[in-house]
Amino acid sequence: MTNGLITRGFSETAQFIEKTTSQGRRHLKQSNAFGIESTLGDELATVGEECRQPNWDGFQALPVTQDTLRNAYLFLELLPLGFPAPSIGAEPDGHLTLEWHRAPRRTLSVSVSPDGDLHYAALVGPNRVYGTEAFVDEIPDTIIALIRRIYSA
């Protein structure tokens, strides 16, 4: 990682390409055509603000921490362009939930922890899929594939 950018190469050229690509991607996501970033960023900030204090739900819920917010933001930043936006919510254990819901039997929930674990559960037709993946610099292929399955025909 260089200056907050994920890179696969170490040369100056590789770092320049990564920086330019990241800037272009950020610009596209902020445009009207792809503009989910500001909407999701606002939604994430609102949920984080509403749930930052202990007992935010009146039932002893743990607060959403800065680490959890940072992990959720990074996850959203790394979503491929053109992917559907999730809804965002908080859980009593202090995790944030990202949900993709197309129909009652086409839904995915990803719980983002402060430690960088992604706990997921999906219902795709008659199939139930669940597990935990480490979140380190990229969205795990398992979760990307599940989002695609939720929205496939």
Side-chain angles (χ1 to χ4, degrees), residues 1-10 14-15 17-31 34-54 56-57 60-102 105-125 127-152:
M1 196 181 258
T2 305
N3 295 330
L5 300 173
I6 300 165
T7 111
R8 304 285 185 243
F10 296 100
Q15 291 176 3
I17 290 169
E18 180 62 34
K19 181 179 179 183
T20 303
T21 302
S22 293
Q23 288 172 343
R25 179 185 167 134
R26 193 171 16 256
H27 178 71
L28 280 173
K29 288 178 92 174
Q30 290 172 344
S31 74
F34 297 102
I36 65 169
E37 183 175 280
S38 63
T39 303
L40 286 177
D42 290 347
E43 187 176 348
L44 182 60
T46 298
V47 171
E49 181 65 28
E50 291 173 355
C51 304
R52 70 184 174 126
Q53 298 298 322
W56 54 265
D57 66 348
Q60 305 303 314
L62 296 176
V64 172
T65 66
Q66 285 299 110
D67 288 337
T68 305
L69 281 167
R70 184 186 66 248
N71 289 337
Y73 183 81
L74 180 58
F75 184 102
L76 295 171
E77 275 278 306
L78 293 172
L79 277 175
L81 289 175
F83 263 47
S87 60
I88 301 171
E91 301 173 19
D93 63 1
H95 295 189
L96 287 169
T97 302
L98 308 175
E99 292 186 342
W100 291 263
H101 181 79
R102 182 172 166 208
R105 298 191 72 64
R106 288 205 175 273
T107 189
L108 167 64
S109 177
V110 176
S111 177
V112 180
S113 80
D115 301 323
D117 291 330
L118 300 173
H119 306 282
Y120 62 91
L123 185 59
V124 185
N127 301 312
R128 295 178 186 184
V129 182
Y130 56 90
T132 300
E133 295 279 343
F135 181 47
V136 182
D137 295 336
E138 62 185 15
I139 299 172
D141 292 339
T142 304
I143 293 174
I144 293 291
L146 284 169
I147 297 170
R148 285 188 174 120
R149 285 180 65 191
I150 295 300
Y151 289 94
S152 67

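The main-chain N or O of Ser152 is found under 3.5 Å from a side-chain atom of Arg102 such that the two form a donor-acceptor pair. Side chain of Glu133 to main chain of Pro140: no donor-acceptor pair is present (N/O by atom type, distance under 3.5 Å, no hydrogens or angles). For Trp56 (side chain) and Leu62 (main-chain N/O), a donor-acceptor pair under 3.5 Å exists by modelled atom type. Of the possible polar contacts, none joining the Arg148 side chain to the Phe83 backbone as a donor-acceptor pair under 3.5 Å is found.
Remark: Tyr120 pairs with no residue by the ring-ring contact (aromatic ring centres under 6.0 Å, His included) rule, at least two apart or across chains. Arg105 meets the side-chain hydrogen bond (donor to acceptor under 3.5 Å, both in side chains) test with no other residue; sequence neighbours excluded.
Nearest heavy atom pair, residue Ile143 against residue Leu108, reads O-CD2, 4.3 Å. Of all heavy-atom pairs spanning Gly48 and Leu69, the tightest one is CA-CD2, 3.8 Å. Considering every non-hydrogen atom in both Pro86 and Leu76, the closest pair reads CG-CD2, 3.7 Å. Closest non-hydrogen pair, Ile150 versus Val124, comes out as CD1-CG2, 3.7 Å. In terms of heavy atoms, Pro114 sits closest to Thr68 at CB-OG1, 3.2 Å. In terms of heavy-atom proximity, Pro80 sits nearest to Ile144 at CD-CD1, 3.7 Å.
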### Derivation of the side-chain contact (heavy atoms from CB on, under 4.5 Å) call for Val112 and Leu118
CA-CA 5 Å; Val112 180; Leu118 300 173; 3.9 Å; yes

### Query
For Phe135 and Val110, what are the C-alpha separation, side-chain angles and deciding distance, and is it a side-chain contact (heavy atoms from CB on, under 4.5 Å)?
CA-CA 11 Å; Phe135 181 47; Val110 176; over 6 Å; no

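Phe75 CZ to Arg70 CZ: the interatomic distance, rounded to the nearest 0.5 Å, is 15.5 Å. Atom CZ of Arg106 is separated from atom CG of Leu146 by 11.5 Å, given to the nearest 0.5 angstrom. Residue Thr107 holds its OG1 atom at 5.5 Å from NE2 of His101, rounded to the nearest 0.5 Å. To the nearest 0.5 angstrom, Asn71 atom CG is 8.0 Å from Thr65 atom OG1. Taking CG of Asp57 as the reference point, atom CD of Glu91 lies at 11.5 Å (rounded to 0.5 Å). Taking CD1 of Ile139 as the reference point, atom CG of Leu78 lies at 5.5 Å (rounded to 0.5 Å).
Looking at Ile147 and Leu79, their side chains come closer than 4.5 Å, going by heavy atoms from C-beta outward. Proximity of Val47 to Leu44: side-chain heavy atoms (C-beta onward) are nowhere separated by under 4.5 Å.
Checking Ser113 against His95 by side-chain atom types alone, no donor-acceptor pair falls below 3.5 Å.
The number of heavy atoms from other shown groups lying within 6.0 Å of CD (Gln66) does not exceed 12. Summarising the local packing, CG of Asn127 is surrounded by more than 12 heavy atoms from other residues, nucleotides or ligands at distances under 6.0 Å.
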